[in-house]
Structures are given as structure tokens and as C-alpha cells.
Amino acid sequence: MSLLSASLLDWYDRHARVMPWRTGPQARRDGTRPDPYRVWLSEVMLQQTTVAAVRDYFARFTTLWPTVADLAAAEDGAVMAEWAGLGYYARARNLLKCARAVVADHGGAFPDTREGLLSLPGIGPYTASAIAAIAFDRAETVVDGNVERVMARLHDVHRPLPAAKRELTALAAALTPAARPGDYAQAVMDLGATICTPRSPACGICPWRAPCAARAAGTAPELPKKTPKKAKPTRHGIVYLARTPSGGWLLERRPDKGLLGGTLGWPGTGWADLAEPLPDPEPPLDADWRQVPAEALHTFTHFHLRLTIMVAEVPDVSGTPPARIPPGDRAVVPRDLFRPSDLPTLMRKAFDLAQGAFDNV
DNA sequence: AATTCGGGGTT
DNA sequence: AACCCAGAATT
């Protein structure tokens, strides 16, 4: 093991705060291994998502579905409902595909190699390495945003991302030790998350202070370089919230592909750029629609959205459980089966504004 | 290589 | 506002 790797593992042993879903160095010495199901679930949830945002979702998922077999047997709509608010909903769809593939094709046990894991839905280069290293003690190299930043600074790499990805991966691989690869992987990421932060890195207390090239050059705070991103345009559309006298709501499940794919929401128009012709208002049914005097404002990865909200009272019809609404379809969900927490954040914003409008009538 | 995927916290 | 986040899939 290199001196660099050893010094980082030493730092990790002294400073690591063990994540709730992991066993730490102490547990490893007891001979226990992390549950691959929990490692997988946490790593998928943590893709582009902060630990604070994930914590409650992870607890809920593992309570509802303690094993991969339990999750594989779950209803699609139930999983989408529990994922609501966490974002990147393709992760939830792939989560189910992956769980069902593990049960159907691997006897209910996750593959224990990087290559085997890579073949599963929703598991890419990072997650495959993370599971292999953390759950199965394989000497694989994890490269996430933290590791990219740490390597760019340690070696003073000025080539911008994503072009520098291959170079940074090679630099990280050269440091990965054969011993304790899972702890080492978490150590590099912890270093990036707590000391080698994007801005104002705490170089003074960094275990790699001495060997860090960017620290010596004074370039640490400006690394890694990144190619500039495009500005976000603003789009807008209309949603229609229909409520029945008994308190039911007309909901639809979006098609599985595209933005918010597979999630529950309100019927509405498409979303057009402000410079383009507005989408034709097409209410889902004939009613006395009233406009709510407030818009739902939301920002996605690559555009801003302003949603006009229309509300109306419509006659009662027999209801449908939300999880039973198939993709592309719509139905009235009875009052006692409707949970606003089942909605993605945009649709919940619209609901909250409409709710206020109904209350004021 | 570039784009499409959420949402919230930090600066 | 811009940037960031234990990225993956698609084009």
C-alpha cells in the first residue's frame, strides 16, 4: 500500500462518521459485512443527491421492503410513491428493474463483481465500483464528484471536466490499495465531502496537505475546472386540478419515459418555451374552471417552469387507488387514499396552491 | 461528447 | 443566481 493511501486510511479511522446504512471499520474488525442490498439502495439514492435528503427515504424503504425480494415484489406505483420528492425518477424505475433482475436472474443475491453489477439497470461505473468495494471487499476504484475534485487538486489537473474524467479516473486507480478497498473508497469521498470541499477547502487540516500539488501551487480552490453550462430557458404550461364533492382528486400517471416519468401528477398541457406559441388549453373534462391567482414556480435541471393552475369541482365517480393508475392513464383518487407526499415536488407545489384557493372559497 | 434526467442546500 | 451533489442512460 502506498504511503498516500495509508495516511488517508489512518485519517479515516480517526475521523469517519459511519453512515446509518453502513458498517464501519469497527464492524469490519468484528467480521460483519455490509448488506449488499442496503449498500446498493443507499448508493442509488445518493446519486446526485445529498446525504441529508436521502436519510428519511432510506429508512422508509428499508422498513417497507427489508430485502431485495420484498422490493422486487412491490407494486410499481407503491415504489414511485415512496420515491416521490427525491428526484431523478428513472432511478426508481431502474431500482425495481434491478431488484427483479437480482431475484429472477441471480437467485436473489447481488453479483459480487464490478462487471456483474454493471450489467444491472441503474448501476453505472460509480455505483458498480462502490458496491463491489464496500459490500464485497473488491479493490475497485470509485470515482464520484468528490474523487474527481480530490484528484484534480492532488495532481493539479487543469484540464476541464468532463474531458478530464478519464485522466482523473486513472490517477484515482493508481492510489487504490488492495487492502480495505471499501474503507478507502469511503475515505476519499469523505475527504472530498468534509475537507477538500468545492469552495474554501480546509487545506490546513487535510491529511494530504503535504503531497497536494494544487495546495503548493495555490490553485486548489479553482479546481476542478469545468466546461461552462448553458443558461436555463423558462417554459410554462397549465395544470388542471379537479376535486369532487367528497374530496377526491383527478390524477394521472405520466408515461414511463421523459421528465417525471412514471410519477403521479395533474392533467395539463405540455410545457412550451416562452418564445413559442402557448400550448392549447385542453381541460381534462368539461367544468367551470377557475384560475388560481398564483403560479407554481419550479426549476428543473435544464429549464425553469411556471405553471398556471386551474381548479374546478367535478361530480363524484368511483375512485381508484393511486398505485393502480397505469402509466399514461388518469383516474379519480378518493380523499382517504390521496397522499400529497406521493407527488413529485412540482405537482405538490401546484396542489398546495390549489388547496389554498379552495379553502378561500 | 453532449444532453436529459429533480430537488434542495450552500455560497 | 450559480454551483454543488457518493451519476446513469440516451443520443
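In what follows, every heavy atom counts, from backbone to side chain, and hydrogens, waters and symmetry copies are set aside. The sequence lines fix the lettering, A, B, ..., with proteins before strands; numbering per chain opens at 1.
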Look at [X] and [N] and indicate whether a side-chain polar atom (N or O) is within less than 4.0 Å of OP1 or OP2.
| X | N | result |
| --- | --- | --- |
| A:H298 | B:dG7 | yes |
| A:K226 | C:dC5 | yes |
| A:T345 | B:dG6 | no |
| A:R93 | B:dC5 | no |
| A:T127 | C:dA8 | yes |
| A:Y89 | B:dG7 | yes |

Please determine, for the side chain of [X], which listed nucleotide ([options]) has the closest atom?
| X | options | value |
| --- | --- | --- |
| A:K229 | C:dG7, C:dC4, C:dA6 | C:dC4 |
| A:P198 | B:dG6, C:dC4, C:dG7 | C:dC4 |
| A:R199 | C:dA6, C:dA9, B:dT11 | B:dT11 |

Pairwise [atom1] distance, [M] and [N] [rounded to whole Å]:
| N | M | atom1 | result |
| --- | --- | --- | --- |
| C:dC5 | B:dA1 | C1' | 22 Å |
| C:dA9 | B:dG8 | C1' | 23 Å |
| C:dT10 | B:dG6 | P | 14 Å |
| B:dG9 | C:dA8 | C1' | 23 Å |

Select from A:L118 and A:T49 the residue whose nearest nucleotide in DNA chain C is closer to the 5' end of that strand. A:T49

Any donor-acceptor N/O pair under 3.5 Å between B:dG6 base and A:T301 side chain: yes

Under 3.5 Å, is there any donor-acceptor pair linking the side chain of A:Y126 to the base of C:dG7? no

Are A:W249 and A:W266 an aromatic pair, judged by ring center distance below 6.0 Å? yes

Can you confirm if the NZ or CZ of A:R149 lies within 45° of the ring axis of A:W208 and under 6.0 Å from the centre of its six-membered ring? no

Just the rounded figure in Å: distance from C1' of B:dG7 to CZ of A:F300. 9 Å

A:A350 and A:V239: which non-hydrogen atoms are nearest, and at how many Å? CB-CG2, 4.2 Å

Closest non-hydrogen contact found for A:L86 with A:R91 is O-NH2, 3.2 Å

